[in-house]
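Every value quoted in this text rests on a predicted model; they were computed, and no experiment measured them. Throughout, numbering of the chain's residues begins at 1 and tracks the sequence.
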Amino acid sequence: MKFIVEIILPEVLNQELIDILPSQYTEIGDLMSEGIISSFMLSDNAQKAWLTLDANSVVEVDNILNAFKLYDYVKMEISELSISEVNPPQVPTFSLN
């Protein structure tokens, strides 16, 4: 099953949270490499983030999120998706002209 998670960050980030963010971003990258997280988006004002992931249940999603270093600093809302369409990456065509 595919889920989307909306992450709402505090309006004012304290230093402890600021210090956590780089390692959290690395962890998200690792989960993307493992195929658990399929996308990650961050709003331009850094107040909200969204990620999509594959899991067998909401409980599994919550277990993944609970391991996040920023879990105690943000609000997270999990929604199961019924439809998730994504364009496959396009490989540019080359011309031998």
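Cluster membership check: Phe40 shares its hydrophobic cluster with Tyr71, using side-chain heavy-atom separations under 4.5 Å among Ile, Leu, Val, Met, Phe, Trp and Tyr. A chain of hydrophobic side-chain contacts below 4.5 Å, direct or via other Ile, Leu, Val, Met, Phe, Trp or Tyr residues, connects Ile78 to Leu53. Residues Met32 and Met1 fall within the same hydrophobic cluster, defined by Ile, Leu, Val, Met, Phe, Trp and Tyr side chains chained together at heavy-atom separations under 4.5 Å. Residue Tyr25 is grouped with residue Ile7 when hydrophobic side chains (ILVMFWY) are merged at heavy-atom distances under 4.5 angstrom, including chains of intermediate members. When hydrophobic clusters are built by joining Ile, Leu, Val, Met, Phe, Trp and Tyr residues whose side-chain heavy atoms come closer than 4.5 Å, directly or via intermediates, Leu65 is not grouped with Ile4.
The CD atom of Glu16 sits 13.0 Å away from the NZ atom of Lys69 when rounded to the nearest 0.5 Å.
A donor-acceptor contact shorter than 3.5 Å is absent between the side chain of Ser39 and the backbone of Leu51. The backbone N or O of Leu70 sits less than 3.5 Å from a side-chain atom of Gln24, completing a donor-acceptor pair. When atom types are taken as modelled, the side chain of Ser43 and the backbone of Lys48 share a donor-acceptor pair closer than 3.5 angstrom.
Side chains of Lys2 and Ser38: a donor on one and an acceptor on the other come within 3.5 Å.
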TODO: Begin from the C-alpha positions of Ile37 and Thr52 and carry the test side-chain contact (heavy atoms from CB on, under 4.5 Å) through to its verdict.
DONE: CA-CA 6 Å; Ile37 294 177; Thr52 56; 5.7 Å; no

message = For Met76 and Val74: C-alpha separation, side-chain torsions, deciding distance, then whether side-chain contact (heavy atoms from CB on, under 4.5 Å) applies.
response = CA-CA 6 Å; Met76 296 188 195; Val74 300; 3.6 Å; yes

**Stepwise side-chain contact (heavy atoms from CB on, under 4.5 Å) test for Asp54 and Ile36** = CA-CA 6 Å; Asp54 295 310; Ile36 296 169; over 6 Å; no

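The heavy-atom pair separating Pro10 from Gln47 by the smallest distance is O-OE1, 3.4 Å. What you find for Pro22 and Ile18 is that their closest heavy atoms are CD-O, 3.4 Å. Minimum heavy-atom separation, Leu17 to Asn14: N-OD1, 2.8 Å. Across all non-hydrogen atoms, the minimal contact from Ile64 to Leu31 is CG2-CD1, 4.2 Å. Taking both residues in full, the closest heavy atoms of Leu42 and Ala46 are given as CD1-CA, 4.0 Å, listed atom of the first, atom of the second, then distance.
Between Phe3 and Val58 there is a side-chain heavy-atom pair separated by less than 4.5 Å. Counting heavy atoms from C-beta on, the side chains of Leu13 and Leu21 come closer than 4.5 Å. Side-chain contact check for Ile20 versus Tyr73: some heavy-atom pair is nearer than 4.5 Å.
A 6.0 Å sphere centred on CD of Gln15 holds more than 12 heavy atoms belonging to other residues, nucleotides or ligands.
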